[in-house]
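Structure first, commentary second.
These numbers come from a predicted model, not from an experiment. What's counted below: heavy atoms across the whole structure, side chains too, no hydrogens, waters or symmetry copies. Per chain, numbering begins at 1; letters A, B, ... match sequence-line order.
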Amino acid sequence: MQVKNYSVFDIIGPRMIGPSSSHTAGAARLGKVARKIGGKGILEVTFILYGSFAQTYKGHGTDRALVAGVLGMDPNDENLSNSMEIAQKDGLKYEFVLSEDETAHPNTVKIITRNEEGQQSEIVGASIGGGNIMVTEINGLAVEFTGEYPTIIIRHLDKPGVVADVTHIMDEFQINIAFMKVFRQRKGEDAFMIIETDNDVPKAVLEGIRNLADEILHVYLVEGL
Amino acid sequence: MIKDFVNGSDLLSLCHKEEKKIWEVMIEREIYISGKSKDEIMEYMWGNLKIMKNAIEKGLQEDIKSVSGLVGGDAKRLRTYYETKKTLSGEQMNKAVASAMAVLEVNASMGQIVAAPTAGSSGILPGVLISAGQDFGFDDEVIVQGLFTAAAVGYIITRNATVAGAEGGCQAETGAAAAMAAAGLVEMMGGTPEQALHGAAMTIKNILGLVCDPIAGLVEAPCVKRNAIGAANAYISADMALAGIQSIIPFDEVVDAMYKVGQSIPCSLRETALGGLAATPTGKKIYEKVFGSKEQK
């Protein structure tokens with residue numbers, strides 16, 4: 001196993017709202033990923049909680065952290081504990097459903113959002129400790145990324161040449177790719193490209209990818225830890 | 001140019017070769033591995049110190065209540081006591097202890113903290129370094145240096161063992177935090193790198209085997225009080241080290257022993273809330289009160 005190159009701020013950090021890095025900070029980050037995938041103007045959100053999340057969410061403020069994330073807050077936002085009130089004021093409807101289904105990781109949540117255009121999106125992810133997360137599903141398609149690095153998520157049609165076009169743009173902007181994975185449902189259909197980078201990703205990169213070809217359906221960015 | 005180190009003996013030889021303190025070596029390592037400038041790194045640590053100070057202030061002055069209602073207000077209670085009465089362990093010690101408790105209470109009430117190295121052990125390092133800094137009239141710069149010394153110890157423990165209660169019990173979590181704090185204190189007080197690691201080693205030895213048994217699985221009780229004893233442990237171990245007392249077992253071997261002890265702690269005593277204080281009649285009653293009568297899995 002490769003030894004992680006721990007930064008001084010992995011040890012004295014992260015900055016966060018308590019009480020638990022896995023049940024609170026990680027939950028907020030999962031909520032924020034759902035916000036990115038859900039698109040502009042999210043009006044409704046349903047959280048389906050599994051395992052330890054389902055059992056102990058109240059005591060750890062997991063519910064408030066999830067709502068805060070969907071509102072766009074970071075795990076260290078001091079308004080995190082007031083997220084329910086802020087959601088009510090902003091007109092975001094939320095609902096929590098407890099599931100007894102078994103999941104691979106005990107702290108798992110499925111987040112279903114509906115935006116002002118009536119578009120429904122969903123992600124499944126787990127909080128895996130120390131504020132770290134693992135997203136395992138986007139809109140029913142199995143994926144895998146941690147959000148530790150800035151992550152570009154590209155939904156596209158599975159056609160030859162798309163991957164090369166995207167990496168060409170990354171090269172133009174001198175962005176180093178740390179990890180890259182491609183997931184698809186069936187040949188020629190919907191696919192996801194997950195690109196984790198070493199550098200922050202400027203807006204121009206996302207615009208460039210978006211305008212590449214009709215095969216590119218959506219481009220999202222999840223900022224790193 | 002300092003690159004990386006993997007354990008305590010590595011760190012000490014670097015300190016000797018470069019004639020540098022642990023905190024200096026840690027900053028240079030960070031510049032190397034992150035590619036960031038020294039200014040950026042220092043600025044971020046100053047920001048962390050500010051959050052730590054705010055949390056202490058809040059916990060010592062305000063009426064805190066945790067999300068579950070189980071903890072809160074004890075830091076303030078202890079402050080009132082040491083400010084108005086002659087205490088057994090003295091004002092300096094009580095202040096460090098109360099400050100550590102303050103941060104954990106703020107954490108439990110969904111306030112802002114800096115994990116050090118975890119949220120559940122986030123009180124010890126700021127409590128100890130900041131109150132010692134005040135008592136000795138140190139500039140904040142010295143406290144920031146102490147944070148880098150502490151981070152070096154935390155990094156070595158994380159890399160070679162664990163700082164997660166779920167993996168190594170409370171000895172790994174508050175034990176690491178207290179060892180970090182002891183090393184930071186020693187260098188802040190002018191001790192040598194060797195003395196800093198002796199302080200860290202003695203700290204861990206003092207609580208080897210401590211289990212993680214949070215009531216109702218919450219980061220509240222006994223966590224607040226274990227941060228209190230962690231602060232006291234760091235103070236006493238740092239004093240011993242500064243007096244020239246050495247750990248008979250070297251730091252790296254203590255870390256290794258701690259890791260092995262952690263692996264042999266049964267799962268019920270590693271953050272699962274199935275054993276220890278969590279499994280007492282009162283612990284179970286509190287669980288039902290917070291989460292309803294559903295049987296704890």
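Note on B:Ile27, B:Leu104, B:Ile33: by heavy-atom pairs under 4.5 Å with chain A, the leading option is B:Ile33. The candidate with the highest count of non-hydrogen atom pairs below 4.5 Å against chain A, out of B:Ser122, B:Gly47, B:Gly120, B:Gly69, is B:Gly47. Note on A:Thr56, A:Asp77, A:Leu80: by heavy-atom pairs under 4.5 Å with chain B, the leading option is A:Thr56. Heavy-atom pairs under 4.5 Å with chain A peak, among B:Val163, B:Thr118, B:Leu147, at B:Leu147.
Counting non-hydrogen atoms of neighbouring residues, nucleotides and ligands closer than 6.0 angstrom, the CD atom of A:Glu85 exceeds 12 such neighbours. Counting heavy atoms of neighbouring residues, nucleotides and ligands inside a 6.0 Å radius, atom CD of A:Gln120 exceeds 12 of them. Counting heavy atoms of neighbouring residues, nucleotides and ligands inside a 6.0 Å radius, atom NZ of A:Lys181 exceeds 12 of them. With a 6.0 Å radius and a threshold of 12 heavy atoms from other residues, nucleotides or ligands, A:Lys93 has its NZ atom at or below the threshold. Counted within 6.0 Å of CG on A:Asp200, heavy atoms from surrounding residues, nucleotides or ligands total 12 or fewer; the atom is thus considered open.
Checked against ring pair (Phe, Tyr, Trp, His ring centres under 6.0 Å), A:Tyr220 has the following partners two or more places apart in sequence or in another chain: A:His218.
Looking at A:His23, its side chain never comes within 3.5 Å of a backbone N or O of B:Leu218 through a donor-acceptor pair. Formation of a donor-acceptor pair under 3.5 Å by the B:Asn48 side chain with backbone atoms of A:Ile12 is found in this model.
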Going by atom type alone, with no hydrogens or angles, which donor-acceptor pairs under 3.5 Å involve a side-chain atom of residues 107-114 of chain B and a protein atom two or more places apart or on another chain?
residue	atom	partner	partner atom	Å
B:Asn107	ND2	A:Pro19	O	2.9
B:Ser109	OG	B:Glu105	O	3.3
B:Ser109	OG	B:Val106	O	3.0
B:Gln112	NE2	A:Asn76	O	3.1

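Here the OH-CG distance, from B:Tyr32 to A:Asn5, works out to 7.5 Å after rounding to the nearest 0.5 Å. We find the NZ-OG distance between B:Lys36 and A:Ser7 to be 6.5 Å, quoted to the nearest 0.5 Å. In this structure, the separation between CD1 on B:Ile51 and CD on A:Glu78 is 8.0 Å, given to the nearest 0.5 Å. We find the NE2-OG distance between A:His60 and B:Ser66 to be 10.5 Å, quoted to the nearest 0.5 Å. Going from atom CD of B:Glu30 over to atom CZ of A:Phe9 covers 6.0 Å, rounded to the nearest 0.5 Å.
B:Val290 is not listed as a side-chain neighbour of A:Lys58, based on a closest heavy-atom distance of 4.5 Å or more.
Heavy-atom distances place both the backbone and the side chain of B:Met45 under 4.5 Å from chain A. Both the backbone and the side chain of B:Ile41 come within less than 4.5 Å of a heavy atom in chain A.
Taking the ring axis of A:Tyr6 as reference, the NZ or CZ atom of B:Arg29 does not stay both within 45° of it and closer than 6.0 Å to the ring centre.
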